[in-house]
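Numbers here simply count residues along the sequence, with the first being 1.
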Amino acid sequence: MTAVGTRVPARADRRGVHVRAFRTLLGTELKVWLREPTAVFFALVFPSLLLLGLGLAIPDFSKPMTDAPPPWNEAPGVTSYLPTIIALAVGTIALTTMPVQFATFREKGILKRLSTTPMPPQNLIGAHMVINVLALFVSASAAVVGAMVILDVPFAADPLVVLLVLVLSTTAMFSLGMLVAARAEKGSSASGLGMLIYFPSLMFSGVWVPLSVMPDWMREIGLYLPLGASAQGLTAGWFGTEGFPLAQVLVLAAWTLVLFPLGVKLFRWE
């Protein structure tokens with residue numbers, strides 16, 4: 001009975017040590033991440049800056065959407081761009097920031113060295129996944145608050161639908177980013193491959209051509225791409241005039257179910 005009684009506290013103590021070690025690692029990596037001005041700018045500042053710049057610089061974006069159904073006919077035109085900017089925030093972090101971090105860790109041998117210490121390399125990956133999710137939350141929140149306060153954009157009609165699509169967008173796009181990081185040998189190659197996917201995705205998500213004027217064939221292609229489905233689903237939830245975006249939700253879930261296990265299987269630690 002004594003042996004059994006002493007094993008449980010020992011296991012609990014080991015779990016506590018691992019949790020404290022992960023918290024320390026997370027805090028340290030967050031400080032290092034914040035010292036990277038390029039990553040901080042594109043992850044946290046760029047989406048809001050782009051949205052506010054468009055809303056303040058383009059006269060048509062400040063005019064009411066008179067052709068939209070009530071109550072959106074009184075909202076400024078930039079309102080239609082906000083869901084796309086939120087999708088842009090997801091894609092920016094998933095394809096231009098996160099893969100470069102992981103590939104750089106592999107290139108510098110950090111993951112290999114960690115495998116010989118009590119701290120498993122998975123903890124470093126997990127810490128940066130948490131950091132990137134937090135960065136996405138801050139970036140999306142800043143874009144929404146800035147649009148509401150400065151541009152007078154109304155809040156979403158169906159917040160729960162927007163939240164659901166945002167969560168699925170994050171899992172799908174982060175899974176795609178993990179797949180890029182899984183095979184890239186260097187940070188530079190991860191950056192190049194991420195950009196190769198990122199910029200065409202922007203075209204089909206409504207960044208270059210707004211969804212409201214996008215041709216049907218472009219919208220159809222965008223529906224089956226993770227970033228395009230994200231923008232369409234977020235738009236449907238924000239305006240609440242097209243019903244539940246079932247097709248977009250299923251597409252995002254399918255991308256996650258395919259890409260996440262593939263990225264985990266192909267990921268190389270050295």
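Between R106 and K186, the closest side-chain pair of non-hydrogen atoms is not below 4.5 Å. Residues M218 and W208 have side chains not in contact (no heavy-atom distance under 4.5 Å, counting atoms from C-beta outward). With contacts defined as side-chain heavy-atom distances shorter than 4.5 Å, the pair I85/L50 qualifies. Using a 4.5 Å cut-off on side-chain heavy atoms (C-beta onward), F155 and V144 make contact. Residues V40 and W33 have side chains in contact (heavy-atom distance under 4.5 Å, counting atoms from C-beta outward). Side chains of L95 and M173 form a contact here, defined as non-hydrogen atoms less than 4.5 Å apart. A 4.5 Å side-chain heavy-atom check between V209 and M203 finds every atom pair outside the cut-off. Using a 4.5 Å cut-off on side-chain heavy atoms (C-beta onward), P226 and V251 make no contact.
T256 is linked by a side-chain hydrogen bond (donor to acceptor under 3.5 Å, both in side chains) to T171, counting only residues two or more places apart in sequence or in another chain. For T92, the side-chain hydrogen bond (donor to acceptor under 3.5 Å, both in side chains) criterion is met by Y198, not counting sequence neighbours.
Scanning all heavy atoms of the two residues, the minimum distance from S230 to A87 falls at CB-CB, 4.1 Å. Among all heavy-atom pairs drawn from A236 and E242, the shortest one is CB-OE1, 4.2 Å. Between L51 and A147, the shortest heavy-atom contact is CD2-CB, 3.7 Å. The shortest non-hydrogen separation linking L82 to V153 is CD2-CG1, 4.0 Å. Of all non-hydrogen atoms in V130 and F22, the two that sit nearest each other are CG2-CZ, 4.5 Å. Minimum heavy-atom separation, P154 to W238: O-NE1, 3.3 Å.
Hydrophobic clustering (ILVMFWY, side-chain heavy atoms < 4.5 Å, transitive): I58 and V78 are in one cluster. F42 and M195 fall within a single hydrophobic cluster, where Ile, Leu, Val, Met, Phe, Trp and Tyr are joined by side-chain heavy atoms under 4.5 Å apart, directly or via other members. Placement of I131 and V100 in two distinct hydrophobic clusters is found when ILVMFWY residues are connected by side-chain heavy-atom separations under 4.5 Å, directly or transitively. L227 and I221 end up in the same hydrophobic cluster when Ile, Leu, Val, Met, Phe, Trp and Tyr side chains are linked at under 4.5 Å. Cluster annotation: Y224 and L257 are assigned to distinct hydrophobic clusters (Ile/Leu/Val/Met/Phe/Trp/Tyr, side-chain heavy-atom contacts under 4.5 Å, transitive).
Centroid-to-centroid, the aromatic rings of F260 and W255 stay 6.0 Å apart or farther.
Looking at S139, its side chain never comes within 3.5 Å of a backbone N or O of A89 through a donor-acceptor pair. The closest donor-acceptor contact from the side chain of T24 to the backbone of R20 lies under 3.5 Å. Looking only at distances, no side-chain donor or acceptor of S205 sits under 3.5 Å from a matching main-chain atom of G228. Judged purely by atom type and a 3.5 angstrom limit, S191 has no side-chain atom pairing as donor or acceptor with the backbone of S188. A distance-only check finds no donor-acceptor pair linking the side chain of Y81 to the backbone of G55 [under 3.5 Å]. Remark: the backbone N or O of F239 is paired with a side-chain donor or acceptor of W72 at under 3.5 angstrom. Judged by distance alone, the side chain of T79 and the main-chain N or O of A75 form no donor-acceptor pair under 3.5 Å. In this structure, S80 contributes its side chain and G77 its backbone to a donor-acceptor pair below 3.5 Å.
Here the straight-line distance linking atom CD1 of I150 with atom CG of L56 works out to 7.0 Å at 0.5 Å rounding. Atom CZ of F102 is separated from atom CG of N132 by 6.0 Å, given to the nearest 0.5 angstrom. Between the CZ atom of F46 and the OG1 atom of T38 there is a distance of 13.0 Å, given to the nearest 0.5 Å. Distance check, rounded to the nearest 0.5 Å: CE of M65 to OG of S212 gives 9.0 Å. Note that the CD1 atom of I125 and the CD atom of E29 stand 10.0 Å from one another [nearest 0.5 Å]. In this structure, S169 OG and Q248 CD are separated by 10.0 Å, a value rounded to the nearest 0.5 Å.
Within 6.0 Å of CZ on F41 lie more than 12 heavy atoms contributed by other residues, nucleotides or ligands. In the displayed structure, E185 atom CD is contacted under 6.0 Å by at most 12 heavy atoms of other residues, nucleotides or ligands. Within 6.0 Å of CZ on F137 lie no more than 12 heavy atoms contributed by other residues, nucleotides or ligands.
Below 30°, between 30° and 60°, or above 60°: for W217 and F204 the angle between ring planes is above 60°, a perpendicular geometry.
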Run L168 and V249 through side-chain contact (heavy atoms from CB on, under 4.5 Å) and show every step you take.
CA-CA 7 Å; L168 290 175; V249 166; 3.5 Å; yes

Would D152 and M148 count as a side-chain contact (heavy atoms from CB on, under 4.5 Å) here? Give the steps.
CA-CA 5 Å; D152 200 25; M148 294 177 64; over 6 Å; no

Evaluate side-chain contact (heavy atoms from CB on, under 4.5 Å) for F174 paired with V133, printing each intermediate quantity in order.
CA-CA 9 Å; F174 276 39; V133 170; 3.8 Å; yes

V138 and L134: CA distance, side-chain angles, deciding distance, side-chain contact (heavy atoms from CB on, under 4.5 Å) verdict
CA-CA 6 Å; V138 172; L134 291 175; 5.5 Å; no

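In this structure, R113 fails the cation-pi test against F105, since its NZ or CZ atom is not both closer than 6.0 Å to the six-membered ring centre and inside 45 degrees of the ring normal.
Classification of D60 and K63 as a salt-bridged pair holds, one side-chain N sitting under 4.0 Å from a carboxylate O.
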